[in-house]
Structures are given as C-alpha cells and as structure tokens.
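Read through the structure below, which is laid out as structure tokens, and then see the notes.
Each ligand, and each atom within it, is numbered from 1 in the order the structure gives. Start at 1 with the first residue, then count along the sequence.
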Amino acid sequence: MEKVKLNNGVEIPIVGLGTFKAKGEEVYNSVRVALREGYRHIDTAAAYKNEEEVGRAIRDSGIPREEIFITTKLWNSDQGYESTKKALEVSLKNLGISYVDLYLIHWHKGVERARESWRAMEEAYHEGKIRAIGVSNFTMYHIEKLLETAEVVPVINQVETHVGLPQYDMQNYCESKGIKLTAYAPMQAGKIFDNEEMARIAQKHKKTVANIALRFLVERGIIVIPKSVHEERIIANKEIFDFTLDDEDREAMRGLWDGRRLFPDPDNCYF
Ligand SMILES: NC(=O)C1=CN([C@@H]2O[C@H](COP(=O)(O)OP(=O)(O)OC[C@H]3O[C@@H](n4cnc5c(N)ncnc54)[C@H](OP(=O)(O)O)[C@@H]3O)[C@@H](O)[C@H]2O)C=CC1
Ligand SMILES: O=C1CO[C@H](CO)[C@@H](O)[C@@H]1O
C-alpha cells in the first residue's frame with residue numbers, strides 16, 4: 001500500500017478504513033476483513049464509540065501493532081489541557097494499545113481550547129504516546145491561530161473532501177505549511193453512488209464509482225479513509241492503483257464541484 005510521508009517523517013498509508021457509524025460486531029468484522037485484505041490504516045474517534053471493537057479486531061488480526069496505523073480523535077467536550085490528557089488515556093485504554101499513531105483535535109471549539117488541547121497533545125507526543133498530532137475540521141484561520149503558539153506543526157488536517165467539495169484552496173494552504181490533507185467522506189458519505197457522471201467515468205475505466213472517487217483524491221496526494229462494513233466493498237474500494245485518470249476525467253469531475261457539504265461547515269459551526 002502506497003504511503004505518504006508526514007512532516008515529522010512518520011509514514012501513513014494513503015488509504016485507510018473509515019469507521020464512522022460502524023459499531024459492535026459490525027465494526028469488529030470490518031476491521032478484521034480490512035486488515036486481512038491489506039489495509040494497514042484505520043480511522044476511528046472517541047465520538048464513534050467503537051474504539052474497543054477496533055482495538056480488539058487489531059489484536060485478533062495477529063498483525064504486529066507497529067505495522068498498523070491507528071488514528072483516533074479528541075472529542076469536543078474533552079478539549080482543554082487536563083481533559084485532553086485524560087481523554088487520550090481513555091482512548092488508549094479502549095483501543096488496548098500503548099500509543100496511537102495519529103491523534104486529531106476533532107473540531108475547532110475556540111482558539112484557547114485548541115491551544116490548550118494542543119499543548120497536552122505535544123507533551124504526549126514527546127512522551128511517545130502519540131506518533132503524530134494533527135487537526136480535523138480546522139479552517140485556515142483556525143490553523144493560523146494554532147500556529148501562533150504551537151511548537152509542533154500539525155501533520156494533517158482531516159476535512160470533508162470529495163468531488164463536490166474538492167478543497168483545492170485548503171490543500172494549497174495546508175501544503176504551504178507542511179500539512180497534509182486527509183479526505184473524510186471521500187465518497188460523499190454514500191451519495192456519490194447516485195451520480196451518473198461518476199458512473200460514466202467508472203464504466204470507461206471498468207472500475208467502480210468508489211474507485212474513481214478515491215483515485216481522484218489520491219492522485220492529488222490526499223489520504224483517503226473510505227468507510228464500508230461490507231466485505232466485498234472493503235476489498236474492492238482499495239483497488240485504485242492499477243489505473244490512472246486522464247484530463248477528460250478530471251475536467252468532468254471538476255464539473256461536479258458544487259461546494260455542497262454533508263457535514264457542518266467548520267467556519268460556522270457552533271455545535
Ligand atoms: N473528522 C471528521 O469530522 C469526520 C471523519 N470521518 C471519517 O471518514 C470516514 C469516511 O467518511 P464517511 O462519512 O464514512 O463516508 P464515505 O464517503 O466513506 O462513505 C461511506 C458510505 O458509503 C457506503 N459505501 C462504501 N463503499 C461503497 C461501495 N463500494 N458501494 C456503495 N456504497 C458504498 C457505505 O455503506 P456501507 O458501510 O453499508 O458499505 C457508507 O454508507 C468515516 O467513516 C470516518 O472514519 C467522517 C466524517 C467526519
Ligand atoms: O467524525 C464525525 C462523525 O461523528 C461525529 C459525531 O458523532 C461528527 O461530529 C464528526 O464529524
């Protein structure tokens with residue numbers, strides 16, 4: 001599996017398995033299938049309430065811990081210096097691991113809270129409890145404010161990214177700071193499968209719509225975390241390294257850019 005080198009030298013597989021809305025035995029089985037089929041990157045979050053099952057599936061896979069890249073996220077109500085430290089310990093315990101590969105602030109909940117959470121994350125990073133630290137749902141302004149006091153530059157900003165919301169400006173900005181993008185909802189949380197133009201491009205390449213959607217992002221150097229709980233989809237979704245998109249495909253996909261979000265706008269998000 002192709003990897004992306006982060007600004008601290010840590011490498012992350014460019015395709016990971018998403019786990020939002022997958023719980024219990026369903027998520028356990030999905031992670032087992034994914035690992036058996038070659039995925040080495042799993043995306044979870046304290047808010048998804050599935051860290052225990054994700055951790056159990058990783059252990060039961062028999063694959064050495066250091067070969068698997070695990071991302072989890074700090075939930076909003078846990079932001080702050082002390083509460084971040086506690087939340088990290090809870091996530092490590094739930095996952096049953098001694099370190100997490102990537103820890104993200106899930107949403108920006110105010111400049112001070114982000115800075116305090118970040119300070120706790122930097123300490124845990126230096127202590128070896130986290131291999132890389134990053135953010136999610138941060139705007140350029142949020143990142144600017146964090147960088148004013150941060151000692152460690154975030155490695156990643158995980159944001160909603162897909163053909164409808166391609167995030168060209170965000171990617172350019174982040175890359176100018178050494179920050180990579182991870183695309184969440186890369187298949188528009190399932191909505192992309194109704195798109196006739198995507199179906200046409202998929203047919204042209206004899207690939208699936210999921211493959212086209214993911215390839216579009218991966219060719220831009222964006223990390224993708226497609227979610228599925230279905231074995232055949234988990235297996236097929238990652239088959240994106242045996243073809244390339246051409247100018248006509250890219251042009252057609254640019255035409256699908258409507259700016260419509262499926263998740264709250266981080267610029268205007270007060271939940
Ligand atoms: N940082 C953040 O705030 C957020 C992070 N995330 C992360 O990003 C991941 C991906 O985003 P997500 O919102 O799950 O959306 P995705 O774009 O990954 O789409 C997932 C949906 O598509 C369906 N699907 C998957 N593969 C196929 C296929 N081949 N054919 C048809 N349908 C398919 C899935 O159903 P099924 O499972 O039944 O196959 C599910 O309904 C999340 O799981 C989570 O880990 C997501 C949202 C916010
Ligand atoms: O990752 C995500 C999905 O779950 C969360 C809620 O439980 C969302 O807020 C978030 O964007």
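Between Phe20 and ligand 1, at least one pair of N/O atoms sits closer than 3.5 Å. Taking distance alone, with nitrogen or oxygen atoms compared against 3.5 Å, Lys73 stays at or beyond that limit from ligand 1. Note: an N/O pair closer than 3.5 Å links Pro186 and ligand 1 by distance alone. Considering backbone and side-chain atoms alike, Ala189 places an N or O below 3.5 Å from some N or O of ligand 1. Looking at ligand 1, you'll find an N or O of Ala185 within less than 3.5 Å of one of its N or O atoms.
When non-hydrogen atoms are compared, ligand 1 lies under 4.0 Å from neither the backbone nor the side chain of Lys21. Only the backbone of Thr19 comes within 4.0 Å of ligand 1, counting heavy atoms alone; no side-chain atom from C-beta on gets that close. Contacts of Thr208 with ligand 1, taken as heavy-atom pairs under 4.0 Å, are absent altogether.
Distances from ligand 2 to the non-hydrogen atoms of Tyr184 include no value under 4.0 Å. Distances from ligand 2 to the non-hydrogen atoms of Lys21 include no value under 4.0 Å. Residue contacts with ligand 1 do not include Ala236, since none of its heavy atoms lies under 4.0 Å from the ligand.
Taking every heavy atom of Pro226 and a limit of under 4.0 angstrom, the matching atoms of ligand 1 come to 18 (O). Residue-ligand proximity, Gln158 to ligand 1, at heavy-atom distances under 4.0 Å covers atoms 1 (N), 2 (C), 4 (C), 5 (C), 6 (N), 7 (C).
A salt bridge does not link Lys238 with Glu2: every distance from a Lys NZ or Arg NE/NH1/NH2 to an Asp or Glu carboxylate oxygen is 4.0 Å or more. The existence of a salt bridge linking Arg215 and Asp249 is excluded, since no basic side-chain nitrogen approaches an acidic carboxylate oxygen closer than 4.0 Å. Using a cutoff of 4.0 Å between basic side-chain nitrogens and carboxylate oxygens, Glu197 and Arg200 are scored as salt-bridged. Under a 4.0 Å N-O distance rule, the pair Asp43/Lys227 does not qualify as a salt bridge. Taking the charged nitrogens against the carboxylate oxygens, Arg261 and Asp267 have no contact shorter than 4.0 Å, which rules out a salt bridge.
The local environment of CD in Glu196 is sparse, with at most 12 non-hydrogen atoms from other residues, nucleotides or ligands closer than 6.0 Å.
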